[in-house]
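Here the structure is laid out as structure tokens; the discussion comes afterwards.
Note that the numbering runs from 1 along the sequence shown for the chain. Remember, it's 1-based here, ligands and their atoms both numbered in the order they're listed.
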Amino acid sequence: MKTLTSFVIIIFLQSLLVHIFCLHQTSSNGILEYSSSTFPSDFLFGTASSAYQYEGAFSTDGKSLNNWDVFTHENPGKILDENNGDIAVDQYHRFREDIQLMTFLGVNSYRFSISWSRVLPRGKLGGINYSGIKYYNILINSLISRGIKPFVTLNHMDYPQELENRFQSWLNPEMQNEFGYLADICFKHFGNRVKYWTTLNEPNQQVILAYITGRFPPSRCSSPYGNCSRGNSEIEPFIAAHNMILAHAKAVNIYKTKYQREQKGSIGIVVQTSWFEPISDSIADKDAAERAQSFYSNWILDPVIYGKYPKEMVNILGTALPQFSSNQVKSLNNSKVDFIGINHYTSYFIQDCLTSSCNAGYGAFKAEGFALKLDRKGNVSIGELTDVDWQHIDPEGFHKMLNYLTDRYPNIPMFITENGFGDLQKPETTDKELLHDTKRIQYISGYLEALQVAMRDGANVKGYFVWSLLDNFEWLDGYKLRFGLFHVDYTTLKRTPKESASWYKNFIEEHVNRRELVDN
Ligand SMILES: *[C@@H]1O[C@H](CO)[C@@H](O)[C@H](O)[C@H]1NC(C)=O
Ligand SMILES: *[C@@H]1O[C@H](CO)[C@@H](O)[C@H](O)[C@H]1NC(C)=O
Ligand SMILES: *[C@@H]1O[C@H](CO)[C@@H](O)[C@H](O)[C@H]1NC(C)=O
Ligand SMILES: *[C@@H]1O[C@H](CO)[C@@H](O)[C@H](O)[C@H]1NC(C)=O
């Protein structure tokens, strides 16, 4: 009886809360209105991941070594905790448990990537490995059976090492054919169930790290951009990106001509974006901020959408920038994306280094557009600074970024394919502190608020994925930089929800509920 009474009281309180949430807006004529959610009913709320950072099982079931396996094994000193993705969070064996975590969150989509070396251990040579195909089939089916739509990246930084050894991977146009082959096999085997495809994850950021600063494999660069034993930071990044753009176009072409009519999915590409705020009102700094965008996300999106490189790149790079032949322009034009995927984490101030001299620093040189990236102007920072040197909390920058993309690429739907907050684990950091992640909640709620403002301004955004479901292998930061809504204990691989997991669950629930009330 007592339980029944409290049950009734709880129900009463709950409905009161629903009313407070939904009836808080009063129009000018005094009539109460439902405050509707900005998010349409088909909006995807999800979490994001990638194969190398999550799967582990690095040599299981016929998987070959990829560029990251080899790089981390050969250069442990380059990884903050001298670790690697051999085990990562072992999602290869624990995906069922992870899908339960997604069910707890109430997400309706999961972004993951295909491990190239699991499916095609030697690329086009040597055939398909059906153990790899089987793994992704089971993962996809398990997600769908829980109402979670697979959102699949064909390639997220990792490729069979053999392709590097044989022909230098992305520096060689042959990589376009290799990628087209991978794409075709994935559409063929998974496309009857996967309705959201992206080709490459962040080609812009991958190329900068691999061929300008040389900090990612294949560790190619030249001075003053980095310290590598081979490479040319003012030539190679533009060749690699050119091959990536054409590889993307090839995959989209294959999808559009062979699969899309029957499979009825959509396909896009994912770029990394940052908001670049001119450090002063001078024309030179404003131009520099525009150059910074052109040497970053526009570098990829302009060719994909308009078939040509941004004019700022053409002006500065001259003949170092490859040209699209008329056939390639046609191929780009015939492979229009259905959407673009936007990864976004941070903002910078930008200072011109073309017409005045700059201190050396990230962005200051030719291959980066002579646009120095700074986190502060005098003693004013671009947003709240964090322990992570590149992460500055600036939701308004996200709002500006989405408006910028909407202006530059009108009518193309967007998915926010990554956004999240990293905790850098210091020796004194306790698990309790990591679980009590108020900064992450503050960050994500600020960025989701900015997203809604941008959508009301007209940004055509169809989904939002938090990076990341779990703490995972964060490239050069190893396991020390934690982005998860769920904490991972790396000795037991136990997953524990952080406070942000409950926060995200409630956010999704509230928006879905508001939507249903409005729909009724
Ligand atoms: C696929 O993996 C299995 C191990 O599961 C291995 O025996 C087989 O040789 C591999 N096949 C190819 C084509 O790589
Ligand atoms: C560059 O790398 C080499 C070899 O790894 C190392 O010996 C040297 O100290 C590095 N130089 C700088 C300036 O970091
Ligand atoms: C791009 O394709 C459209 C048809 O979809 C065509 O009208 C246009 O001329 C093409 N542009 C180029 C540069 O090939
Ligand atoms: C920034 O510097 C100015 C002048 O040096 C000073 O007046 C101001 O209080 C400083 N602001 C902050 C937030 O430290």
Okay, side chain of Asp184, backbone of Gly180: is any donor-acceptor separation there less than 3.5 Å?
->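 Not a single qualifying donor-acceptor pair exists.
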Which heavy atom of the protein is the closest neighbour of atom 13 (C) of ligand 1, given with residue, atom name and distance?
->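 Going by distance alone, atom 13 (C) of ligand 1 is nearest to Gly126 O, 3.3 Å.
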Considering the heavy atoms of Ile128, write down every atom of ligand 1 situated less than 4.0 Å from one of them.
->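 Answer, ordered by atom number: 13 (C).
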Show which atoms of ligand 1 fall inside a sub-4.0 Å distance from at least one heavy-atom site of Pro121.
->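 Here the atoms of ligand 1 in question are 14 (O).
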Can you check whether a protein heavy atom sits less than 4.0 angstrom from atom 9 (O) of ligand 3?
->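 Not a single protein heavy atom is under 4.0 Å away.
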Heavy atom of protein inside 4.0 Å of atom 5 (O) of ligand 3, strictly below |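 No, there is no protein heavy atom closer to it than 4.0 Å.
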Applying side chain to side chain donor-acceptor pair (under 3.5 Å) between Tyr225 and each of Glu234, Lys366, Glu368, report the one that passes.
->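 Among the candidates, only Glu234 passes.
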4.0 Å heavy-atom contact, Thr60 with ligand 1 =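 For ligand 1, residue contact (heavy atoms, under 4.0 Å) with Thr60 is absent.
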Do Phe45 and Phe465 have ring centres separated by under 6.0 Å?
->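 Aromatic pair excluded; centres sit 6.0 Å or further apart.
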Do Trp299 and Phe238 have ring centres separated by under 6.0 Å?
->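 Distance test on ring centres: under 6.0 Å, yes.
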Tell me which one of Leu120, Asn129, Leu125 gets a heavy atom nearest to atom 2 (O) of ligand 1.
->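 Looking at heavy atoms only, Asn129 sits closest to atom 2 (O) of ligand 1.
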Pick, from Leu332, Asn333, Val329, the option with the minimum heavy-atom distance to atom 14 (O) of ligand 3.
->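 Ranked by closest heavy atom to atom 14 (O) of ligand 3, first place is Asn333.
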Pair Glu277 + Lys400: basic N to acidic O under 4.0 Å =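 Yes.
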Inspect the contact between Arg495 and Asp98 and indicate whether a charged nitrogen and a carboxylate oxygen are less than 4.0 angstrom apart.
->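 Looking at Arg495 together with Asp98, the answer is yes, because their closest N to O distance falls below 4.0 Å.
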